Q: 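Just passing along the structure, written as structure tokens.
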Amino acid sequence: MALARALATDPALLLLDEPLAALDVTTRQEVRRSLREHLATFPGMRLLVTHDPVDAYALADRVAILEHGRIAQIGTIAEVTAHPRSRYVAELVGTNLVRGVVADGVLVTDTGARIAVAADPGPVFAVIRPQAITLSLSADPSSSARNTWLGVVGDVERLGDRARVGVVDHRGGIDVVAEITTASLDDLALRPGDPVHASLKATDITTYPV
């Protein structure tokens with residue numbers, strides 16, 4: 001009702017503070033579609049506050065992401081997704097971010113983790129798409145991936161026919177989230193705490209200057 005009243009008064013500025021937060025999943029999807037149509041034709045300024053990245057993807061032209069009470073990054077969804085500037089922002093848009101210094105084709109993080117990359121020397125951010133990470137129960141000596149490491153399964157989240165699997169490296173490496181099919185998850189029978197091998201090609205890592 002509050003949303004309907006706001007739209008009915010024909011305001012010059014429309015401020016929506018988490019308008020979909022109190023709705024169940026099905027209703028939220030329906031209202032989100034309707035809201036997108038209204039916002040597309042609204043002539044004034046539109047400002048929406050949300051904690052749900054799905055709302056941002058569906059409704060926003062540009063986003064301003066707050067981290068610890070400060071603006072961490074501003075840009076279009078495509079810009080922020082392609083070049084997150086902090087680990088928090090990367091997690092919010094569903095990807096992995098590593099920061100370090102590249103020398104001789106190897107990125108070295110502050111913790112001493114080493115990642116093979118195809119990048120010029122210097123300080124960089126490295127984006128690792130969850131879909132680019134391969135998981136297996138044992139190391140594959142025939143794999144062409146230059147980055148392979150043994151980790152432990154953290155959280156496992158099923159999302160339709162996909163699953164996001166956290167991989168924790170307790171030996172000082174990098175912690176990442178991999179995205180695999182639920183069929184692969186069932187074949188591997190992965191559970192939190194299980195050891196798992198992760199592999200990643202250097203050419204699947206996107207880097208850009210800090």
Side-chain angles (χ1 to χ4, degrees), residues 53-54 57 65 67 72-73 77-78 80-210:
V54 176
Y57 277 107
I65 299 177
E67 182 178 0
Q73 193 166 349
I77 288 292
V80 172
T81 300
H83 299 102
R85 306 298 297 182
S86 75
R87 190 180 182 94
Y88 173 78
V89 174
E91 291 174 351
L92 198 62
V93 299
T95 194
N96 300 290
L97 184 67
V98 180
R99 180 173 178 169
V101 178
V102 175
D104 298 324
V106 177
L107 182 153
V108 181
T109 70
D110 291 341
T111 62
R114 299 171 64 86
I115 307 167
V117 295
D120 295 330
V124 300
F125 287 113
V127 169
I128 302 172
R129 295 183 305 108
Q131 300 86 345
I133 301 171
T134 300
L135 301 182
S136 60
L137 297 179
S138 59
D140 181 2
S142 64
S143 173
S144 63
R146 294 179 60 198
N147 298 292
T148 60
W149 68 98
L150 177 62
V152 175
V153 175
D155 293 334
V156 177
E157 181 181 12
R158 291 177 179 261
L159 301 168
D161 63 348
R162 310 292 292 179
R164 291 175 64 85
V165 181
V167 180
V168 181
D169 188 341
H170 294 299
R171 300 174 301 173
I174 60 170
D175 298 343
V176 295
V177 174
E179 186 172 310
I180 61 177
T181 65
T182 52
S184 295
L185 178 67
D186 292 337
D187 288 342
L188 295 170
L190 294 177
R191 298 290 185 272
D194 289 347
V196 65
H197 289 265
S199 59
L200 172 68
K201 293 183 178 180
T203 52
D204 283 337
I205 302 174
T206 301
T207 61
Y208 46 96
V210 171

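Note that the structure is a prediction, hence the values are computed from the model and not measured. Residues: numbered from 1 along the sequence shown.
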Q: Might you point out which heavy atoms bring Asp194 and Ala189 nearest each other, and give the distance in Å?
A: OD2-O, 3.6 Å
Q: Do Val196 and Ser136 come close enough that some side-chain heavy atom pair is under 4.5 Å?
A: no
Q: Only one of Val127, Ile133, Val167 forms a side-chain contact (heavy atoms from CB on, under 4.5 Å) with Asn96, so which one is it?
A: Ile133
Q: Roughly how far, to the nearest 0.5 Å, is NE2 of His197 from CG of Leu188?
A: 11.5 Å
Q: Measure the shortest side-chain to side-chain distance between Asp175 and Asp169 over non-hydrogen atoms and say whether it is less than 4.5 angstrom.
A: yes
Q: Closest heavy-atom contact between Thr111 and Thr109?
A: OG1-OG1, 2.9 Å
Q: Atom CG in Asp204, atom CZ in Arg146: separation rounded to 0.5 Å?
A: 12.5 Å
Q: Can we say Asp186 and Arg158 salt-bridge, meaning some charged N sits less than 4.0 Å from an Asp/Glu carboxylate O?
A: yes
Q: Starting at CD of Glu179, measure out to CG of Leu135 and round the result to the nearest 0.5 Å.
A: 11.0 Å
Q: Is the ring pair Tyr208/His83 parallel, tilted or perpendicular, if the boundaries are 30 and 60 degrees?
A: perpendicular
Q: Determine yes or no for a side-chain-to-main-chain donor-acceptor pair under 3.5 angstrom, with Arg129 supplying the side chain and Thr206 the backbone.
A: no
Q: Taking Arg85's backbone N and O only, do any of them form a donor-acceptor pair with Gln73's side chain (distance below 3.5 Å, no angle check)?
A: yes
Q: Once rounded to the nearest 0.5 Å, what's the spacing between atom OG1 of Thr207 and atom CG of Leu107?
A: 8.5 Å
Q: Measuring from Asp187:CG to Leu137:CG, what's the distance to the nearest 0.5 Å?
A: 9.5 Å
Q: If you measure from CD1 on Ile174 to CZ on Arg114, what distance do you get to the nearest 0.5 Å?
A: 13.0 Å
Q: Could you check whether any side-chain N or O of Thr95 sits under 3.5 Å from a backbone N or O of Ile128, counting only pairs where one atom can act as donor and the other as acceptor?
A: yes
Q: Compare every heavy atom of Asn147 with every heavy atom of Ala116, then report the nearest pair and how far apart it is.
A: N-OD1, 2.7 Å
Q: Quick one, Arg162 and Thr181 - any side-chain contact, counting heavy atoms below 4.5 Å?
A: yes
Q: Just wondering, are more than 12 heavy atoms of other shown residues or ligands nearer than 6.0 Å to CZ in Arg164?
A: yes
Q: Just wondering, do Val153 and Val165 contact through their side chains at under 4.5 Å, heavy atoms?
A: yes
Q: Show the nearest heavy-atom pair for residues Pro84 and Ala82, with the distance to one decimal.
A: CD-C, 3.5 Å
Q: Please report the closest heavy-atom contact between Ala145 and Thr148, naming both atoms and the distance.
A: O-CG2, 3.9 Å
Q: On a heavy-atom basis, which atom in Ala126 and which in Ile205 lie closest, and how many Å separate them?
A: CB-CG2, 3.7 Å
